[in-house]
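Here is the naming used below: chain letters follow the sequence lines, and residue numbers restart at 1 for every chain. Because the structure is predicted, anything quoted here is derived from the model rather than measured.
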Amino acid sequence: MQKTLKSLSNKDPQNIILIGNPNTGKTTLFNSLTGLNQKVGNFPGVTVDKKTGNFNYKETKINVVDLPGTYSLSPNSEDERIAKSYLEETNQNDIIVVVADATNLKRNLLLFTQIVDLGKQVILVLNMMDLLQKNTQEIDFKKLSKKLNCPIIPINARLDKGVEKLKEAVFSYQQKENIFLDSDSSSSSIDETMKRVGKINTIVDDCLTKDGEDKSYLFTKKIDNIVTHKIYGYLIFLGILFFIFQAIFSWASYPMDLIDSGFGFLCDFVSNILPKGILNDLIVNGILAGLGGIVIFVPQIAILFAFITILEDTGYMSRVSFLMDRILRQFGLNGKSIIPIISSTACAIPAIMGARTISNYKERLITIMVAPLISCSARIPVYTILIALIVSEEETYGIFNLQGLLVMGLYLLGFVAAILSAWVMKLIIKSKQKSTFTLEMPIYRTPRWKNVGFEILSKVKIFLFDAGKIIIAISIVLWVLSSYAPGNKFEDISKKYTSETSQQQYSEQEISTLIASERLEHSYAGIIGKIIEPTIKPLGFDWKIGISLVTSFAAREVFVGTMATLYSVGDADNTMSIREKMMAAKNHETGEKLYTTATTLSLLIFYVFAMQCMATLAVVYRETNSIKWPIIQVVYMGALAYFSSLLVYSIFS
Amino acid sequence: MGKSLNMTLDRLKENESGIIKQINDEDLAIQLLSMGFVIGEKIKVERIAPLKDPILITSGSSYISIRNADAKNIEIIV
């Protein structure tokens with residue numbers, strides 16, 4: 001094992017791998033080690049988030065990998081399997097930094113000793129030293145370090161205390177051989193684990209110089225009495241959800257207005273400095289219009305991810321899982337499904353990946369299958385634009401903002417659909433695997449604001465750049481499709497309106513509008529929209545909406561960009577907002593207002609149910625390792641969307 | 001005595017406790033062990049969910065939730 005690897009150690013970059021039980025502050029330590037020098041990727045072959053980063057210490061670059069939390073090396077979930085196989089493949093000179101909760105040392109050392117016995121080079125980090133002091137407990141670190149034959153660094157990751165010492169320990173690390181438990185005996189796994197635990201307990205008891213009372217749980221249990229109460233528990237949960245949705249719509253409106261007027265100004269500015277022509281048109285009406293439609297939703301997405309991170313970081317999310325387990329079980333789900341379900345309100349992709357903590361395959365599969373029915377942040381732009389067409393911003397119902405209430409209604413609808421679909425799948429999918437709900441209840445702590453900040457930043461980045469790339473590309477394609485037509489069609493249209501009769505009939509302004517709208521109708525985009533129009537006409541949609549439905553398949557938020565581009569083509573000065581343009585839109589056959597209540601509601605319902613996200617499908621494919629499940633997902637959600645919209649349109653028209 | 005011989009964790013009420021005697025499911029035993037629930041140590045039912053299942057249990061500094069079906073496999077001495 002050690003043959004050639006040591007000789008390479010001078011050339012190889014130094015890697016450290018962070019591992020530890022869940023809730024030990026591993027991520028906080030990772031953030032304080034690497035700062036902004038981090039990126040999220042995937043482990044090869046699987047979609048577990050692989051956080052990597054680096055820092056410089058005494059002019060040496062040190063790479064850091066953050067593994068998913070795991071209790072032991074006898075894995076119970078997909079996350080743990082990944083951590084284990086990654087560990088086994090590390091190089092001999094990689095240092096494994098085991099992060100342990102100092103207040104729960106006995107349990108945390110189990111994983112540590114298993115890693116030592118894999119023959120790895122290990123540094124033990126004891127976090128939560130502040131809590132240890134609060135409990136008036138004291139540990140003799142020197143003694144412990146000697147007994148475990150391993151360097152120990154006590155830290156407080158929240159306050160960055162001890163982090164420099166850890167860097168120094170990594171820098172000056174001396175390789176050595178270490179064995180904790182001789183595993184020559186062919187004992188069964190449980191016996192071996194018991195032996196390990198016995199030895200750990202003896203050592204810890206010996207090194208604990210002062211064993212105070214563990215106070216950290218007293219406060220936590222008091223809160224749990226309220227938070228998991230049979231009435232208050234559910235009320236608090238509903239209250240929090242309600243608060244989040246109101247916040248997304250009222251708080252976010254200020255920065256959104258600012259961004260809106262900012263982009264309006266930018267469009268005018270660019271339009272004036274560039275010479276008139278195709279380039280000007282492409283930049284202003286193609287790229288900037290599409291971009292503006294996306295950037296404006298950053299505040300709402302940031303707020304949503306902030307709330308979700310805070311709920312997880314404080315420990316509250318585990319209690320919600322506990323409250324919901326019995327209910328969700330009825331529908332073929334698991335208490336742990338509540339985290340994917342709530343995360344789905346932000347984005348189905350992390351949610352589907354988060355389902356990995358569910359050890360039962362059937363429950364995990366059902367969670368993955370129904371998660372995209374929960375309204376995600378990409379639907380917010382669509383909902384916002386459409387709802388504004390039928391309800392004004394000032395309208396209230398009692399003390400509540402009516403727009404906010406409507407959005408909450410749509411979210412509820414998605415939630416109910418998800419639960420019912422899960423129930424149907426529970427009856428169809430067969431499994432004999434045992435289902436469990438073994439989940440740690442971390443103590444309540446104030447959220448680590450730095451973590452919240454990092455999380456918001458990384459999610460907004462993904463939204464802006466990953467989604468943004470697709471959106472810009474589609475905006476440009478759309479602009480081309482709607483600005484060109486086969487043959488000489490455009491010239492014919494221009495000729496038609498330059499004839500004497502129309503010159504007399506219409507003003508100059510009217511003529512240019514008529515030309516623009518007729519051009520769009522005969523452009524390539526118009527032709528595509530018209531092809532699918534008969535299929536979607538029963539839902540109250542016209543060909544322009546048809547184009548949006550097609551482009552939305554790349555990502556739902558593209559809808560807004562598409563609308564902006566499609567309606568900008570007919571608005572030479574680009575002075576109206578998207579909302580105003582859509583309000584003014586007319587049905588090209590009847591000449592009546594297009595976005596009636598019936599059409600708007602039908603379109604809203606369509607977006608609640610339809611599977612319009614290529615990225616999610618790709619993740620479902622990777623997570624289930626089969627093409628079957630994403631196909632089933634597209635079909636069942638599509639059918640649900642089509643028939644629900646049909647129903648809604650016939651009721652309201 | 002007769003009752004405590006085959007007493008299992010699912011039969012405890014809130015705030016009642018016992019000593020873990022045996023866990024009749026190897027996977028569960030290893031999982032619980034790695035989460036801090038050691039045979040021979042004290043175990044306590046902290047809270048029962050509003051719908052009677054799952055339950056919150058503690059042992060030492062560990063505080064977790066398990067279902068009644070699993071609690072049935074945990075033999076205790078009261």
Side-chain angles (χ1 to χ4, degrees), chain A residues 21-22 70-77 80 101 103-108 110-111 114 135 188-190 192-194 196-198 200-201 214 216-217 220-221 224-225 228-231 233-234 318-319 321-327 329-330 334-335 359 434-443, chain B residues 8-77:
Chain A
N21 286 185
T70 174
Y71 289 103
S72 72
L73 291 186
S74 32
N76 287 301
S77 71
E80 298 193 343
D101 173 356
T103 64
N104 205 343
L105 198 52
K106 287 179 183 172
R107 185 187 87 192
N108 280 258
L110 178 66
L111 177 68
Q114 285 174 331
N135 294 346
S188 75
S189 181
I190 179 82
E192 196 207 287
T193 314
M194 276 303 284
R196 222 173 257 285
V197 169
I200 292 168
N201 287 357
D214 190 350
S216 33
Y217 277 98
T220 290
K221 283 169 190 165
D224 277 347
N225 285 341
T228 63
H229 186 271
K230 58 185 171 194
I231 298 163
Y234 295 103
S318 306
R319 276 65 183 192
S321 302
F322 171 72
L323 274 183
M324 301 300 283
D325 180 59
R326 186 74 186 81
I327 302 169
R329 219 187 301 165
Q330 298 302 113
N334 186 290
S359 51
K434 196 181 149 219
S435 158
T436 60
F437 180 70
T438 317
L439 182 66
E440 189 179 0
M441 297 290 130
I443 58 164
Chain B
T8 49
L9 187 68
D10 61 303
R11 288 161 64 190
L12 290 187
K13 295 194 181 77
E14 273 183 13
N15 291 318
E16 288 183 348
S17 58
I19 305 288
I20 309 174
K21 186 180 147 201
Q22 196 182 323
I23 300 173
N24 299 320
D25 175 326
E26 172 139 359
D27 286 344
L28 179 69
I30 291 178
Q31 195 183 5
L32 285 181
L33 207 52
S34 67
M35 294 175 96
F37 289 78
V38 182
I39 292 167
E41 300 273 329
K42 187 180 154 188
I43 188 166
K44 182 178 168 197
V45 174
E46 285 289 339
R47 216 169 155 71
I48 296 172
L51 300 166
K52 304 293 169 217
D53 191 19
I55 59 174
L56 292 182
I57 56 174
T58 51
S59 178
S61 297
S62 296
Y63 182 32
I64 68 166
S65 143
I66 62 167
R67 284 187 183 160
N68 278 333
D70 283 328
K72 257 196 188 77
N73 280 320
I74 304 174
E75 286 185 31
I76 52 165
I77 303 165

Query raised in the report: Atom CD1 in Ile190(A), atom CG in Leu28(B): separation rounded to 0.5 Å?
Result: 9.5 Å
Report summary line: Rounded to the nearest 0.5 Å, the CD1 atom of Ile30(B) sits from the CD atom of Glu192(A) at a distance of 9.0 Å
Requested in this report: I would like to know whether Met35(B) and Glu440(A) meet side chain to side chain contact (heavy atoms under 4.5 Å, CB included); could you show each step before the answer?
Outcome: CA-CA 8 Å; Met35(B) 294 175 96; Glu440(A) 189 179 0; 4.2 Å; yes
Report task. For the residue pair Ile66(B) and Thr436(A), establish whether any side-chain heavy-atom pair is separated by less than 4.5 Å. Result -> no
Query - Atom pair NZ (Lys106(A)) and CD (Glu41(B)), whose distance is rounded to the nearest 0.5 Å - result: 6.0 Å
Query raised in the report: Considering only heavy atoms, which portion of Asp25(B) lies under 4.5 Å from any heavy atom of chain A: side chain, backbone, both, or neither?
Result: side chain
Query raised in the report: Quick one: of Ser34(B), Ala49(B), Gly40(B), who has the most non-hydrogen atom pairs under 4.5 Å with chain A?
Result: Ser34(B)
Query - Region of Asp224(A) that comes under 4.5 Å of a non-hydrogen atom in chain B - result: both
Report summary line: Answer key: most heavy-atom pairs under 4.5 Å with chain B among Ile231(A), Leu110(A), Asn225(A) is Asn225(A)
Query raised in the report: With a 4.5 angstrom heavy-atom cut-off, which part of Asp53(B) approaches chain A: side chain, backbone, both or neither?
Result: both
Query raised in the report: Rounded to the nearest 0.5 Å, what separation is found between the CD atom of Glu46(B) and the CE atom of Met441(A)?
Result: 12.0 Å
Query raised in the report: Taking atom NZ of Lys434(A) as the centre, does the number of heavy atoms from other residues, nucleotides or ligands within less than 6.0 Å exceed 12?
Result: yes
Report task. Taking Tyr217(A) for its side chain and Ser61(B) for its backbone only, find out whether a donor-acceptor pair lies under 3.5 Å. Result -> yes
Report summary line: Max heavy-atom pairs within cutoff under 4.5 Å with chain A, candidates Ala29(B), Ala69(B), Ser65(B), Pro50(B), goes to Ser65(B)
Query raised in the report: Relative to chain A, which of Thr58(B), Ile23(B), Leu56(B) shows the most heavy atom pairs under 4.5 Å?
Result: Leu56(B)
Requested in this report: Please flag which part of Gln31(B) lies under 4.5 Å from any non-hydrogen atom of chain A: side chain, backbone, both or neither.
Outcome: both
